[in-house]
Number of protein chains: 2
Amino acid sequence: MKGAARARRRERLPRDERMAEIMVAARQVFCSKGYEAASTAEIAVAAGVVEGTLYRYFPTKRDLLIKVVEEFYEAILSDYEAQLKGVRGTWNRLRFMIWKHLSVMHADPDMCRLIVHELRPWPEYRRSRIFRLNQRYTQSTLAVIREGIAGGEFREDVPLRIVRDMIFGAAEHHTWAHLRKEGEFSPDAAADAITNLIYQGLERRGHPARSSGVELNRLERAVQRLEGLATPRRRKRRSA
Amino acid sequence: MKGAARARRRERLPRDERMAEIMVAARQVFCSKGYEAASTAEIAVAAGVVEGTLYRYFPTKRDLLIKVVEEFYEAILSDYEAQLKGVRGTWNRLRFMIWKHLSVMHADPDMCRLIVHELRPWPEYRRSRIFRLNQRYTQSTLAVIREGIAGGEFREDVPLRIVRDMIFGAAEHHTWAHLRKEGEFSPDAAADAITNLIYQGLERRGHPARSSGVELNRLERAVQRLEGLATPRRRKRRSA
DNA sequence: GCCATTTAATGAGTGCAACTCACTTAGTGT
DNA sequence: ACACTAAGTGAGTTGCACTCATTAAATGGC
């Protein structure tokens, strides 16, 4: 009894390392085939272990996906709040958040598809860490709107929940085709359009002086011209 | 050999009738348990047939769901366009469409959940009838926006696709908890809020004179930011 | 009314994929 | 060297979507 059958490596790793290896393999397979089409057998092979081993670390295939997504999500959000602190002004802050959100979806459509189309509809979603992380995330959007209200830029009767739903709903619908690899979109252009629509939608109307006019028009055009010039590629921060 | 085992009814129906009966039963089961948890065995029992019979009418379980949803969707949309014709004015027409959409989700959360959370993420969705029905549906929303532009109520540079994504995205996010039976919402209140936000967001701004300080301020800042980004470095791409 | 033909309906399979568990053996501390 | 711990195994089991050879209810020609 030997030959090919006996060729298995059988090297043993500490719990954390093996777990990490499985998660890397699982992410790979989930991303390339989607949740349903990814079989535990395939993930096991990719991880260099046998199927039963997966179940020593993750109670179910679903839990495995959840863990993989949690890891991804935490990495995304880790520096998010810090970055937001560096942006001033309601419009800019709003725009940054929307842009950031769209950019993640643009950069990692596979993982985002897993979150949005596979994991989120599950019943256990609301009990998962991802749900809570996401709440914190959308909360900061509302905080920006509240600042806008407090500062007098926005109306006082803004329906906060609806605004949040609009921003994230718009982002989701807009990126939908891209997540399925059936289309493209520009995070920059979309962020501008969404931000402007929301901003104008919330703006306090007929204040002291009436809005707009020649001056505004001129600036709006300048913005548009510059927006076109600013290549999406370049994101370097200008040193003070 | 007889008794209970021989008690089967075995009555034969014409194709259409049997198909209809199966679809009624399937809808019932799908709605109450969700797609995954609904087993073909259970649907068969509910329809008063044996499992194999299902497969004489529907090639797969997925196809069965698709047919069930198509039937529902067509019923919903059948009189929709006619009703819309009876509403006058951009704001009213917009409001009617959003309200109608939300009302359907409110009235039939189970079916809507099947569409939004289960069926739509599937790869075959874009080839299904539902996709095309949905397109026609969202098209009519855009038509209303275009009327608004043509009539001078809305700005000319409205990003149509984004507006559509915002309306339907907002509706979807807003109804999300309700579809999962984890929350409630008011179609009327939500329709008002969304319509107003969109309407104000698209509105053509004051022709009159002076600009508001806030708006100017925002634009001035945007211009400054963009001036920084648009460095002289980049010229148009050289044609090959 | 009787048989031939058609086809609705059956139900005992098949195959595949998630998940289990009694066992094996690589590492470790003494 | 030796016992002990726990990582890893792989041959199951289970459950479900789906198949197919067979049965028999309706239909129609004579």
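To find a chain, count down the sequence lines: A is the first, B the second, and so on, and within it residues start at 1. Heavy-atom basis, side chains included; hydrogens, waters and symmetry copies ignored. Because the structure is a prediction, the values reported are computed rather than measured.
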For the side chain of [X], starting at C-beta, report the closest nucleotide among [options].
X       : options                : answer
A/Tyr55 : D/dA26, D/dT19, C/dC19 : C/dC19
B/Thr60 : D/dC18, D/dA7, D/dA24  : D/dC18
A/Val50 : D/dA7, D/dA17, D/dG10  : D/dG10

*Could you tell me whether a side-chain N or O of B/Glu118 sits under 3.5 Å from a main-chain N or O of B/Arg113, the two making a donor and an acceptor?*
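Such a contact is absent between B/Glu118 side chain and B/Arg113 backbone.
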*asked:* With a 3.5 Å cut-off and heavy atoms only, can you find an N or O donor on one side and an acceptor on the other between the side chain of B/Arg18 and the base of C/dA9?
replied: no
At under 4.0 Å between heavy atoms, what does [X] touch on the DNA or RNA strands: base, sugar-phosphate, or nothing?
X       : answer
A/Leu13 : sugar-phosphate
B/Tyr57 : sugar-phosphate
B/Ser39 : sugar-phosphate
B/Ala44 : nothing

*Examine A/Lys61 relative to A/Phe30 and say whether NZ or CZ is less than 6.0 Å from the centre of the six-membered ring and inside a 45° cone about the ring axis.*
no
_Counting neighbours of CH2 on B/Trp176 that are heavy atoms of other residues, nucleotides or ligands and sit closer than 6.0 Å, is the number greater than 12?_
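Yes, because the 6.0 Å sphere around CH2 of B/Trp176 holds more than 12 heavy atoms from other groups.
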*When the distance from CD of B/Glu11 to P of C/dA9 is rounded to whole Å, what number comes out?*
9 Å
